[in-house]
Amino acid sequence: MRILLVHPECQSSLIGFRLAAMPEPLALEMVAACVPDHDVRILDMRVDGNLLGTLEDFAPDVVGVTALTTEVYAAQDVLQMVKQFSPEIITVIGGMHATMMPEDFYLPYVDIITLGEAELVFPHLIDALESGRRLRDVANIIWQDGDGYFHRNRAGSMKMDMSNLPFPRRDLVEEHRDEYFWLFSKPDTAMATGRGCPFRCNFCSVWQFYKGITRQMPAERVVEEIKTIDTDHITFMDDNFLMNYKRETAIAEMIKAEGIKKRYGMECRTDSIVRHPDLVEKWAEIGLSSVLLGLEGISDEDLKSVNKGTTARVNDEAVRIMHDNGVIVWGAFIVDPMWDRDDFKRLKDYVERMQITQTQFTVLTPLPGTKLYEQRKAELLTNDYTCFDALHAVTRTRLPREEFYQLYANLYKQRSLEPYYHLVKSGKMTLEDCKRGKRMLDVMSRWELYLEKDPVLGHTRDKVKPSTKQLKLLPTQVQAGK
Ligand code: SF4
C-alpha cells in the first residue's frame, strides 16, 4: 500500500517553542519503520506545506496524521482536505490528543482513530486494510462504519519490546535535516530511547498516555542507533533521560569506547541529576552540551502544587552540578495564572541569580489528558485548542490580563548578553546559533504578541459563541462497541 504520514502545521505555535526547537517528526518516522513492506512517505507540513501536490504525486491509499492538542484543528483540516481530494483514501488520526480525546475526531472525514502507541496498532491496521479483513478485529482503534457510526474496539496489549524496535525512517525527511534543530544546535537528530515516566506531575499527560508504564531500550540498541546518525548533535527526546543509572552509564561508556564524537542534548529531572552527579560528569566528558531541566518552580510549595516530587534545594543542586560540568541549562519553569507581581519578580531574580542562560516559561495549562484538566476543566475560559499552547492563560488570571502578559514576556528579557558571549567564546555555541537564540528571546519578550491568542482579549468578536472550529468538535454519531 502507499501510505502518507502527515505532521500538520499549527501557525499559532510560532510565537514560542518553535523558535526554541523544531525536532524532526520522529513519531512518524517510527510508524513508517513499522510497516517496512509498504511504500511510505512523510509530509512534514512545518517545512513543506504542499499537501495537494503530494496527494497528486504520491496517490496514497492511506493518509495517517498525528496531532498534539494545539494541532487538532490543523489535523482536522488535513484530514478533510484528503477526503475532499479523494473519498477513496482511508484517513487515520493518531497520537497523544486523539488517544486522550478521540471524540474530537468523530468527524465525517475521519475513518479510523488509533489509540496509544502507534507502533502497536498501525502494522495490524495496515494488514487488515490490505487483506480486506474486518476492522472490528483490530485492537486499539475506533473506526467509522458506512452509516457514520464510530465503534471502539477492544483494548490490545500495551507490551512493547523496545529492543526490537526498528530504527526510525529518518531517510524519509533527510532533505529537511538542516531545518531541524534543538535550542542552540542546528542541524539536529532526535532519538527516543525510552517511553513513559514513573512520576505523576499533574500538568503532564505522558504518564497517562503510557498508562504509568516505563520502558527503555537496552544500551547496546541505543549505541547502534547513534552510530547510524550523521549530524554532530543528537537530542534524546526521552522525558527523563538520566533516570536509569546503570543503563545511562553503560551508554556513556560504550560511546567513549567506540570513539564516537558528538554533542548531545537531553531532558532530565533534577533529582536524577542530584542522585548521580558522576553520571553527569561521564556524559559531559563524551559531549553532553545542554539539558532541558524540569525545574518547574523555585519553592517547595510551587513544586508540591504540581506534584513534581522534588524540592527547591534539589533544583538548586542540579543547576550547580550542570554548571560545574559546563553543561548549558535550559531551565523550564511553570508560571501560574494566579501569580501576582512579586511571584514574577521572584522567578526573574532566581533565574538571574542561578545564571540560567536559557529559559522556557510555560503558563500552567490544564491540557486534556492530564490530572489538572480533570480538576480544573470547569474553570476553562475557552475550548479553542489553539489557546492551549502553554503560552496563554486559559484560566482566570489574578492580575489584569495585559499586565500578566507584560510580566510574563518580561521574563524572557535578558539584562546582559555576557553569558552568551562566554558560551560562544568557549566554543559551546556557534555565533549563528547564538544569534538565533537572541532572536528567539527578542520575539518571546514582546508581550503584545500574546494578546492575539488570549481567550479573553484576543477573541473579542467571538467570546461567547462557539467558533466554527468548536462546532466541528461535536461528534456525528457515536456508538461504542456496536
Ligand atoms: S513532567 Fe516529566 S517527570 Fe513529570 S510526569 Fe511528566 S515526564 Fe514525568
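When a ligand or atom number is given, it counts from 1 through the structure's own listing order. Here, residue 1 is the first one in the sequence, and each next residue gets the next number.
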*Ring centroid separation for Phe344 and Trp339, is it under 6.0 angstrom?*
yes
*Does CZ belonging to Arg200 count more than 12 external heavy atoms closer than 6.0 Å?*
yes
*If waters are left out, how many protein N/O/S atoms lie within less than 2.8 Å of atom 6 (Fe) of ligand 1?*
1
_Contacting atoms of ligand 1, where contact means under 4.0 angstrom from a heavy atom of Arg269_ = 3 (S)
*For atom 2 (Fe) of ligand 1, find the nearest protein heavy atom and state the residue, atom name and distance (0.1 Å precision).*
Lys308 NZ, 4.1 Å
*Measure from NZ or CZ of Arg398 to the centre of the six-membered ring of Phe404 and say whether it is under 6.0 Å with the direction within 45° of the ring axis.*
no
_Taking Arg275 first and then Glu317, would you say they form a salt bridge - that is, a charged N and a carboxylate O separated by under 4.0 Å?_
no
*Heavy-atom closest contact (Glu9 atom, Met45 atom, distance)*: CB-O, 3.5 Å
*Between Leu26 and Arg170, what is the shortest heavy-atom contact and its length?*
CD1-NH2, 4.1 Å
*asked:* Centre-to-centre under 6.0 Å for Tyr385 and His97, is that the case here?
replied: yes
